[in-house]
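Written out below as structure tokens is the structure these notes cover.
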Amino acid sequence: MAAPSSPLLVAGAVAVAVPGVAMSLGGLSISPPVDALLYGLAIVGAAFLLSWAAEAAQVDISAGLAIALLALVAVLPEYAVDFVFTIQGGNAYAQYGPTCLPPGSADQSPCGLALANMTGANRILVGVGWALVVLLAAIRLRTSAGRSGEIGDGGTAHREGHATRVTLQRTDSVPLMFLLLATVYSLTLPLRVSITLVDLVVLVGIFVAYSIRVARAPAEDPDLIGPSAWIGEKGTTPRRAWYIGLFVLAAAIIIACAEHFADALVETGTELGISQFFLVQWLAPLASEAPELLVAGLYAWRLKTTDALATLVSSKVNQWSLLVGTLPLVFALAAGSLNGLPIDVDQREELLLTAAQSLFAVALLVTLSITVKGALALLGLFVAQFLLAAFLPAALQETELLILSAVYVVLAVVLFVRQRKALVRLVRDGLRTPYSELAKENA
């Protein structure tokens with residue numbers, strides 16, 4: 001339902017982007033921290049515009065394709081920022097070779113920053129986003145009068161004794177299965193010295209196959225709220241004009257600000273003595289993915305938990321397939337080389353941890369449901385890396401990442417073995433079962 005404040009929210013998202021765009025067009029700079037803040041706000045505003053436009057577009061396309069489109073569009077700011085770091089890495093590679101740095105330099109490798117941004121975004125999406133949906137639903141149910149929350153077309157969140165369980169639809173087997181495929185392949189990346197165009201073919205191939213599969217989903221009437229509902233309720237021509245216009249506007253804002261945001265983050269780390277790696281891996285993804293997490297949180301609070309979680313799962317699919325797969329292409333174009341995006345020792349560990357977390361997350365959802373206990377495990381293990389990094393000596397940082405990766409993998413294997421029948425069903429439904437049959441169970 002469209003709220004009276006919807007036009008103001010759209011105007012507000014545009015307004016927060018104006019200072020960053022003005023600075024970009026005027027070539028202005030205040031100081032690296034302030035620049036990073038203003039450019040980051042511009043990207044957040046653009047991300048909200050993209051999210052609302054993608055949701056409104058669901059009125060004109062099939063349900064499955066709408067979820068995939070929404071997930072893809074929602075992470076476009078993340079693509080833009082990561083591509084900037086990848087291009088910078090490619091330029092550095094062309095100039096300095098595989099180290100991407102001049103001899104004797106102690107700076108963070110631009111090639112490493114490209115991978116840091118990608119791994120941070122993926123881990124935030126799962127460790128914070130997926131857990132957020134379940135925990136907010138649990139709080140909402142605990143404070144509500146009833147024992148269960150029915151989600152209409154969106155699925156259910158319900159309490160079993162003192163536990164809350166969020167349940168996905170059977171059609172959500174499709175994105176979950178393709179995420180599993182991308183994750184199993186990604187476990188080979190830490191064994192490499194670079195991410196190459198071969199990985200591009202495999203990972204982008206997984207994403208294309210996923211897109212073709214979800215495009216066959218039957219059409220449904222979307223349940224829109226806020227600005228997306230305000231746009232979606234308009235007539236066909238004005239509705240399409242609005243969401244296409246917002247797409248174009250948001251894309252222009254991102255193009256104008258993404259590179260400046262990336263540069264300002266690196267300069268902020270240098271000026272304030274903060275690790276460039278830390279800012280690029282965690283602060284940049286938080287800015288680009290904040291709207292998606294906020295929208296998912298809002299849906300979860302309204303007990304539209306299946307819609308929220310399904311969108312985040314689809315976002316993870318395209319980030320872990322299309323984003324990772326296109327990095328070597330962007331790098332190759334910038335570097336003028338087909339050798340691939342270099343993976344140093346530190347980034348191998350980061351890739352391993354990210355892939356292991358993804359495997360554990362799929363294992364938690366193999367039965368198409370997740371409890372508060374599972375959500376707390378995701379969040380707890382995500383937070384653990386920060387606590388261990390803060391208290392462990394630098395010499396033990398490598399061991400910490402390897403131990404956490406092992407914990408994720410062991411837990412995932414245990415869950416897959418215990419739920420092996422559900423795993424077989426997930427593979428069958430995700431890859432072979434016709435969408436018409438999958439949708440019957442949701443009806």
Side-chain angles (χ1 to χ4, degrees), residues 50 53-54 57-58 60-80 82-83 86 114-115 118-119 121-122 125-126 168-189 192 194-220 247 251 289 292 310-333 338 340-341 351 354-355 358-359 361-362 365 426-439:
L50 284 173
Q58 295 181 58
D60 296 317
I61 57 180
S62 72
L65 187 58
I67 289 291
L69 175 64
L70 175 59
L72 176 60
V73 168
V75 295
L76 282 181
E78 173 58 33
Y79 278 66
D82 209 354
F83 284 174
T86 304
L115 292 175
M118 180 272 292
T119 55
N122 273 278
L125 187 64
V126 173
L168 291 173
Q169 297 178 344
R170 192 179 173 193
T171 50
D172 295 316
S173 299
V174 175
L176 203 58
M177 182 58 217
F178 280 93
L179 175 56
L180 179 58
L181 290 176
T183 296
V184 171
Y185 183 80
S186 70
L187 286 169
T188 69
L189 297 180
R192 321 280 189 78
S194 64
I195 301 178
T196 69
L197 296 179
V198 174
D199 302 311
L200 162 72
V201 173
V202 175
L203 291 171
V204 174
I206 290 174
F207 179 80
V208 170
Y210 162 67
S211 300
I212 293 173
R213 179 87 163 108
V214 299
R216 297 170 181 167
E220 296 178 4
F247 278 138
E289 304 219 27
E292 185 179 12
T311 300
L312 293 181
V313 170
S314 292
S315 295
K316 174 64 176 177
V317 173
N318 73 63
Q319 282 195 181
W320 206 220
S321 58
L322 186 62
L323 175 59
V324 179
T326 51
L327 289 183
L329 176 61
V330 174
F331 178 84
L333 293 174
L338 299 179
L341 176 60
L351 283 169
T354 308
S358 181
L359 189 69
V362 174
L365 278 175
L426 176 71
V427 174
R428 182 184 65 245
D429 287 350
L431 298 178
R432 295 183 55 188
T433 305
Y435 248 107
S436 56
E437 183 178 335
L438 295 178

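Everything quoted here is computed from the prediction, not taken from an experiment.
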State, yes or no, whether a side-chain contact exists between [X] and [Y] at a heavy-atom distance under 4.5 Å.
| X | Y | result |
| --- | --- | --- |
| Asp172 | Val313 | no |
| Leu203 | Leu322 | no |
| Leu181 | Leu431 | yes |
| Arg213 | Tyr435 | yes |
| Ile195 | Leu115 | yes |
| Trp320 | Met118 | yes |
| Glu437 | Arg170 | yes |
| Leu125 | Asn122 | no |

Could you go through the side chain to side chain donor-acceptor pair (under 3.5 Å) check for Tyr185 and Ser321 one step at a time? CA-CA 10 Å; Tyr185 183 80; Ser321 58; over 6 Å; no
Reported [atom1]-to-[atom2] distance for the pair [X] and [Y], which is rounded to 0.5 angstrom:
| X | Y | atom1 | atom2 | result |
| --- | --- | --- | --- | --- |
| Leu333 | Leu338 | CG | CG | 9.5 Å |
| Lys316 | Leu176 | NZ | CG | 12.0 Å |
| Leu341 | Thr86 | CG | OG1 | 6.0 Å |
| Phe178 | Ser314 | CZ | OG | 11.5 Å |

Tell me, please, which residues at least two apart from [X] pass side-chain hydrogen bond (donor to acceptor under 3.5 Å, both in side chains).
| X | answer |
| --- | --- |
| Thr433 | Asp429 |
| Thr183 | Ser358 |
| Thr326 | none |

Partner residues of Phe83 under the ring-ring contact (aromatic ring centres under 6.0 Å, His included) criterion, sequence neighbours left out: Tyr79
Could you tell me whether a side-chain N or O of Ser194 sits under 3.5 Å from a main-chain N or O of Thr196, the two making a donor and an acceptor? no
All side chain to side chain contact (heavy atoms under 4.5 Å, CB included) counterparts of Ala251, not counting sequence neighbours: none
For Arg428, what residues pass the salt bridge (Lys or Arg N to Asp or Glu O under 4.0 Å) criterion, not counting sequence neighbours? none
